[in-house]
Amino acid sequence: MIISHLRAFIKFKGDSFLLPLQNPLSSSRFSPHATLLASLLHSNSFSNNGDPPLSRYQKLTNLDHAFNLFDEIIQRKPLPSVIKFNQLLNAVAKMNHFSSSLHLFKQMCVVGVPVDAYSMNIAIKCCCQMSRTNDGFALLGCCFRRALVPNVFTFSTLLDGLIREDRIIETERLFKKLIKHKLCEPNVVMYSTMIKGLCKVGNNDIAIGLLRLMDERGCKPNTVVYNTIIDSLCKDKLIDDAFNLFKEMVFHKGIPPNVITYNSLIHGLCNLCRWEEVAKMLKEMEDLSISPSLRTFNILVDAFCKEGKVNEAEAVIDIMVERRVVPDIVTYNSLVDGYCLRGEMTKAMTLFDSLTSKGLVPNVVTYNSLLNGYCKSLKVEEAMHMFHDITRKGLKPDIVTYNTMIQGLFRVGCCGDARKLFDEMRAQGLIPDECTYRIILDGLCNNRQVEEALSLFHLVGDSKLNSNIVVYTILIEGASKCGKFDIASALFHDLTVKGLQPDVRTYAVMISGLCREGLLKEAKHLFCKMDESGCPPNSVTYNVFLQGYLKHQNCDDVEMLLQEMDRRSYSLDASTLSLLIHQIAAGSLDRSMLKLIGTLVPKN
DNA sequence: TTAGGGTTAG
């Protein structure tokens with residue numbers, strides 16, 4: 001229904017700006033998704049920002065041209081000014097060819113071009129961008145030897161390099177040193193860099209503290225500074241805090257938000273499925289004449305795909321095309337992933353095959369989605385075929401590729417092949433991550449190799465890897481399903497010792513295990529404990545608990561549980577439903593319960 | 001002529 005309305009609406013090609021402001025789709029009888037799409041169609045068109053004309057050196061977009069130009073000017077007599085060289089270095093760096101830019105810088109030094117602080121800063125930036133910050137510091141030493149004075153640009157770049165390498169302690173140490181020894185006065189960029197670093201390590205509060213401090217020290221925060229913190233809060237799902245900061249920025253400080261501010265907020269709202277507010281944000285952008293960017297659209301396409309709403313995602317892409325925003329590989333990767341998540345592999349492959357004709361090159365992310373799709377549909381042979389294609393296409397499988405394949409192989413019981421791929425992954429120099437560990441534990445448990453999983457778990461010992469509730473839940477489930485409930489129970493009690501909080505899945509696994517052992521009283525006790533532990537039972541918990549009761553012909557609390565489910569708008573899954581019907585047929589449950597059961601069956 | 005913020009994968 002929503003889609004047909006959408007299609008009809010989208011057919012107003014080119015006329016969308018002429019439609020009355022209150023269009024039929026924004027009325028409340030339409031779903032938030034439709035309203036959201038409608039507001040997209042309504043927002044203002046794109047504008048080119050009028051960049052000033054660039055010199056021959058700055059507008060270089062081709063690496064070969066840059067090298068040819070360098071070879072030419074380096075032979076001129078007299079040599080052109082260092083500014084020309086710097087512009088060339090910078091143009092190459094802007095193309096993300098950092099090592100080439102660095103190579104040119106070294107050539108300059110060799111032939112005796114009098115490099116200045118600008119050249120140094122560009123060279124240091126190149127080192128930092130390649131995560132070779134130590135080399136950047138070596139160049140800082142060269143500055144001192146050449147009597148070139150490092151400035152706020154130099155130090156901001158180095159701080160950024162340290163942050164890129166997650167060297168936060170050294171970042172803070174350098175920043176404090178700069179202030180203490182008055183090596184340079186931090187400006188808004190330097191503060192924003194520091195704030196980014198703090199946010200990156202999860203110190204939002206300290207980041208906000210630094211925001212206050214810079215203001216007190218007379219350095220006015222700008223849009224970038226606020227955007228950095230707002231984005232971090234959104235990523236941490238602290239959307240209300242993000243909005244408070246947003247209000248402060250706009251209404252108290254008079255700092256204008258831009259498309260990046262809105263993208264962060266929209267992304268945060270999408271992650272929480274707060275679609276109505278997303279539509280509101282898009283409307284607000286329109287009112288402020290802030291055009292949605294390719295990224296805005298990509299966030300929406302991805303959010304729809306993750307929600308399984310590929311039709312809406314396709315509608316967003318239609319709107320993009322209509323507005324002459326060219327979808328890129330990121331856009332289509334989301335859509336490929338959306339199809340794969342729904343098991344629609346034919347659609348995914350058709351889209352994949354069409355990418356080349358759109359002038360787009362599939363990347364490892366595209367392949368990872370397809371591998372995941374095939375593995376989830378248990379078509380591991382197709383996945384393997386595709387996996388070999390990755391290297392044939394000149395791409396390098398990454399940790400996600402291997403994790404996906406290993407999970408797929410375990411899923412179809414090919415434990416040996418999974419093991420081989422794990423060894424291959426390490427031989428390729430890839431370091432297994434937390435996901436790899438979880439996939440292997442889960443794979444072993446599901447293939448009835450719980451002992452191996454447990455010995456791996458004990459081998460890893462007390463570490464970050466084993467301080468994860470998901471890992472515990474996998475093992476508790478594995479042990480319990482294999483009849484080792486004592487081990488499951490011991491692991492569950494371990495959680496308190498480790499200070500780990502069971503999550504809703506852990507409880508479900510434990511309740512199911514207790515029921516399997518016939519310990520219904522204990523299961524009920526745990527079930528009742530969930531609310532007071534701040535982890536209220538969800539639909540799955542109720543289903544699991546009901547199944548436990550019904551399997552043991554215990555019908556005492558069934559009606560009460562069904563009523564609670566009704567109050568919480570939860571629904572029955574297929575196995576619980578069939579057990580209920582079975583008990584009614586057997587006469588253990590009253591037929592009058594059928595009406596209530598009917599309301600708990602999902603419509604589709 | 002040099003530095004900072006937002007999107008995609010299990």
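Here is how names work: the chains are called A, B, and so on, in the same order as the sequence lines, proteins then strands, and each is numbered from 1.
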Quick one: [X] [atom1] to [N] [atom2], roughly how many Å, whole number?
| X | N | atom1 | atom2 | value |
| --- | --- | --- | --- | --- |
| A/Ile122 | B/dT2 | CD1 | P | 7 Å |
| A/Glu307 | B/dT8 | CD | P | 15 Å |
| A/Tyr226 | B/dG4 | OH | P | 22 Å |
| A/Asn258 | B/dG4 | CG | P | 16 Å |
| A/Asn263 | B/dG6 | CG | C1' | 5 Å |
| A/Asn151 | B/dG4 | CG | P | 13 Å |
| A/Arg164 | B/dG4 | CZ | P | 9 Å |
| A/Asp302 | B/dT8 | CG | C1' | 6 Å |

By side chain to side chain donor-acceptor pair (under 3.5 Å) - contacts of A/Asp417 (at least two apart): none
Near-parallel close stack of A/Tyr118 and B/dT1 base (under 5.5 Å, under 30°): yes
Under 4.0 Å: is that the gap between some side-chain N or O of [X] and OP1 or OP2 of [N]?
| X | N | result |
| --- | --- | --- |
| A/Lys125 | B/dT2 | no |
| A/Lys306 | B/dT8 | no |
| A/Asn121 | B/dA3 | no |

With sugar-phosphate meaning primed atoms plus P, OP1 and OP2, does [X] contact a base, only sugar-phosphate, or nothing at under 4.0 Å between heavy atoms?
| X | result |
| --- | --- |
| A/Lys200 | nothing |
| A/Thr223 | base |
| A/Asn222 | base |
| A/Asn333 | base |

Output all residues satisfying side-chain contact (heavy atoms from CB on, under 4.5 Å) with [X], sequence neighbours left out; order by chain, then residue number.
| X | value |
| --- | --- |
| A/Asp231 | A/Lys235, A/Ser264 |
| A/Ala303 | A/Cys270, A/Trp275 |
| A/Ile206 | A/Leu198, A/Asn203 |
| A/Glu434 | A/Arg438, A/Lys464, A/Leu465, A/Asn468 |

Partners meeting ring-ring contact (aromatic ring centres under 6.0 Å, His included) with A/Tyr367 (sequence neighbours left out): A/Phe352
A/Leu351 backbone acceptor or donor facing A/Ser354 side chain under 3.5 Å: yes
Partner of A/Thr401 under side-chain contact (heavy atoms from CB on, under 4.5 Å), chosen from A/Leu371, A/Ile406, A/Leu395: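 Passing option: A/Leu371.
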Side-chain H-bond candidate by donor/acceptor type, A/Asp398 with A/Asn368, under 3.5 Å: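 Indeed, the side chains of A/Asp398 and A/Asn368 share at least one donor-acceptor pair under 3.5 Å.
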Donor-acceptor pair between A/Asn86 and A/Asp116 side chains, under 3.5 angstrom: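 A/Asn86 vs A/Asp116: donor-acceptor pair found between side chains.
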Set of salt bridge (Lys or Arg N to Asp or Glu O under 4.0 Å) partners for A/Lys176, sequence neighbours left out: none
Listed partners of A/Lys94 passing salt bridge (Lys or Arg N to Asp or Glu O under 4.0 Å), at least two apart: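 Salt bridge (Lys or Arg N to Asp or Glu O under 4.0 Å) check on A/Lys94 returns nothing, list empty.
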Would you indicate which nucleotide in [options] comes nearest to any side-chain atom of [X]?
| X | options | result |
| --- | --- | --- |
| A/Asp116 | B/dG4, B/dG6, B/dT1 | B/dT1 |
| A/Phe153 | B/dT1, B/dG10, B/dT2 | B/dT2 |
| A/Asn403 | B/dT8, B/dG6, B/dG10 | B/dG10 |

Which donor-acceptor pairs under 3.5 Å do side chains of residues 125-137 of chain A form with protein atoms, sequence neighbours excluded?
from     : atom 1 : to       : atom 2 : distance (Å)
A/Gln129 : OE1    : A/Arg164 : NH2    : 3.0
A/Arg132 : NE     : A/Asp135 : OD2    : 2.8
A/Arg132 : NH2    : A/Asp135 : OD2    : 3.2
A/Thr133 : OG1    : A/Gly161 : O      : 3.2
A/Thr133 : OG1    : A/Glu165 : OE2    : 2.7
A/Asn134 : OD1    : A/Arg167 : NH1    : 3.1
A/Asn134 : OD1    : A/Arg167 : NH2    : 2.9

Residues of [range] with any non-hydrogen atom less than 4.0 angstrom from an atom of DNA chain B: list those, numerically ordered, please.
| range | result |
| --- | --- |
| residues 88-101 of chain A | A/Asn90, A/Lys94 |
| residues 182-197 of chain A | A/Asn187, A/Val188, A/Val189, A/Ser192, A/Thr193, A/Lys196 |
| residues 359-366 of chain A | A/Val365 |

Quiz item: A/Ser293 side-chain donor-acceptor pair to B/dG6 base, under 3.5 Å: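 Such a pair is found, so the answer is yes.
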